[in-house]
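Side-chain atoms are counted along with the backbone in the values below, which use heavy atoms only and exclude waters and symmetry mates. Note that the structure is a prediction, hence the values are computed from the model and not measured.
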Amino acid sequence: MYGVVIAFQDYYPGKPFLAFDGSVHWVGFKHFVDFFNGPYFARLMRNTFILSFYFFAFGFWVPILFALLMNELKNGVFKKFVQTASYLPHFISNVVVAGMLLSFINMDGVVNAIIELFGGTPISFTTEPGYFPAIYTITSIWKSFGWSSILYLSAMSAIDPSLYEAAKMDGANRFKQMLHVTLPSIRPTIFILLIFAVGSLLSTNSEFILLIYNPALYETADVIGTYLYRDGLLGGNFSFGTAVGLLIAVINFTLLYIANTLSRKYADYALW
């Protein structure tokens, strides 16, 4: 972690991180100020927050709903098949998923073929910035919801069966059992994962975005991670990239701390 000191200096490969012979050029908060005053600051923050918020708002509850539905299935063979099928996308490489996605949304892809089948006009998804947030969110949810549901299913497996029996004796149907027994029992798991989700609100899957975006989509697809890759890594501006990465880490930790504090105060569940 001591390498983060290059965020406060003009570092070039081959120079030492720390030295007392004058070879280290300290610049203080110069790189942070440059990022704030940069021409892309507003766009990067907006896109990063929007894509992360969409995934948080639409993707957080999908694994919970899926786990609840799986918990209600009584056919063991079918249940295992569906669970296994939902886990598989998690193990598919981002490169493969990106290749599949781009082939589906191309002008001659499956999606446009379906649009034409219903009398619509083909859409150039790879050059229209307005469609990128939806494409990224849907693909990310599809890839992660099955794997994310494992924690909820594990929590459900630990629920005392006598609670369901008592609910049945009180006249509760399966929906009410799910509402009044299952959901309250997995509430601690939900809140803990919610805290983690809030703590990563300014983090996006930059690797996946790099594989599916292009300059025509920068308006809605260029996020902090992709910008750091282009300017910090490819451009050799390592100090600037480290400074921005450190800033985002601090912001994420602050959000995590706030979410943990609020959860401990109002829900009595917290990481610490």
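Rounding to the nearest 0.5 angstrom, the gap separating the CE atom in M45 from the CD1 atom in I50 is 11.5 Å. How far CG of L255 is from OG of S52: 10.5 Å, rounded to the nearest 0.5 Å. Rounding to the nearest 0.5 Å gives a distance of 5.5 Å between CD1 of I190 and CG of L183. Considering CG of N205 and CG of L51, their distance stands at 10.5 Å, rounded to 0.5 Å. In this structure, CZ in R264 is found 9.0 Å from CD1 in I195, a value given to the nearest 0.5 Å. Taking CG of N47 as the start and CG of D222 as the end, the distance is 7.0 Å to the nearest 0.5 Å.
F125 approaches L217 most closely through the heavy-atom pair O-CD2, 4.2 Å. A pairwise comparison of heavy atoms in Y269 and F191 identifies CD1-CD1, 3.7 Å as the closest pair. Taking both residues in full, the closest heavy atoms of F238 and P13 are given as CE1-CG, 3.4 Å, listed atom of the first, atom of the second, then distance. Scanning both residues, Y227 and F240, for their nearest heavy atoms gives CE2-CE2, 3.6 Å. Scanning all heavy atoms of the two residues, the minimum distance from R46 to E219 falls at NH2-O, 3.2 Å. Listed here is the closest heavy atom pair of Q177 and A172: NE2-O, 3.1 Å.
Cluster membership for L65 and F175, using ILVMFWY side-chain heavy atoms within less than 4.5 angstrom, is shared. Residue L18 is grouped with residue V24 when hydrophobic side chains (ILVMFWY) are merged at heavy-atom distances under 4.5 angstrom, including chains of intermediate members.
Residues W147 and F91 form a side-chain contact, since some pair of their non-hydrogen atoms from C-beta on lies under 4.5 Å apart. The closest side-chain heavy-atom distance from F78 to V82 is below 4.5 Å. Put simply, the side chain of F35 does not reach to within 4.5 Å of the side chain of F32, judged on heavy atoms. N260 has its side chain out of reach of V198: every pair of non-hydrogen atoms, C-beta onward, lies at least 4.5 Å apart. The shortest side-chain heavy-atom distance between D160 and L163 falls under the 4.5 Å cut-off. Taking 4.5 Å as the limit, every side-chain heavy atom of Y11 sits out of range of all side-chain heavy atoms of V5. Annotation: side chain of F196 is in contact with side chain of L271 (closest heavy-atom distance under 4.5 Å). Residues H31 and D10 have side chains in contact (heavy-atom distance under 4.5 Å, counting atoms from C-beta outward).
The aromatic rings of F56 and F53 lie tilted to each other, with the angle between the two planes from 30° to 60°. In this pair, F132 and Y136 present their aromatic rings parallel. The plane angle is below 30°, not in the 30 to 60° band.
In the displayed structure, Y12 atom OH is contacted under 6.0 Å by at most 12 heavy atoms of other residues, nucleotides or ligands. For Y229, the OH atom counts as loosely surrounded, since its 6.0 Å shell holds 12 or fewer non-hydrogen atoms of other residues, nucleotides or ligands. Shown here is Y87, whose OH atom has more than 12 heavy atoms of other residues, nucleotides or ligands within 6.0 Å. Applying the 6.0 Å contact sphere to OH of Y54 captures no more than 12 heavy atoms from other residues, nucleotides or ligands.
Using modelled atom types and a 3.5 Å distance limit, the side chains of S239 and T242 yield no donor-acceptor pair.
The cationic group of R230 lies under 6.0 Å from the six-membered ring centre of Y218 and within 45° of the ring axis, placing it in a cation-pi geometry.
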Which pairs would a plain distance check flag for residues 148-158, meaning a side-chain donor or acceptor within less than 3.5 Å of a matching protein atom at least two apart in sequence or in another chain?
unit_1: S148; atom_1: OG; unit_2: S144; atom_2: O; d: 2.9
unit_1: S149; atom_1: OG; unit_2: G146; atom_2: O; d: 2.5
unit_1: S154; atom_1: OG; unit_2: I150; atom_2: O; d: 2.9
unit_1: S157; atom_1: OG; unit_2: S154; atom_2: O; d: 2.6

For a quick test of your reading: what N or O donor-acceptor pairs under 3.5 Å do the side chains of residues 94-116 make, sequence neighbours left out?
unit_1: S103; atom_1: OG; unit_2: G99; atom_2: O; d: 3.3
unit_1: S103; atom_1: OG; unit_2: M100; atom_2: O; d: 2.6
unit_1: N106; atom_1: ND2; unit_2: L102; atom_2: O; d: 3.0
unit_1: N112; atom_1: OD1; unit_2: I123; atom_2: N; d: 2.7
unit_1: N112; atom_1: ND2; unit_2: N106; atom_2: O; d: 2.9
unit_1: N112; atom_1: ND2; unit_2: I123; atom_2: O; d: 3.0

Check your understanding: When you look at L228 and L233, which way does the side chain to side chain contact (heavy atoms under 4.5 Å, CB included) test go after all the steps?
Key -> CA-CA 7 Å; L228 291 185; L233 189 60; over 6 Å; no
Review point. Could you go step by step and tell me if L194 and S263 meet the side chain to side chain contact (heavy atoms under 4.5 Å, CB included) rule?
Key: CA-CA 9 Å; L194 180 62; S263 178; over 6 Å; no
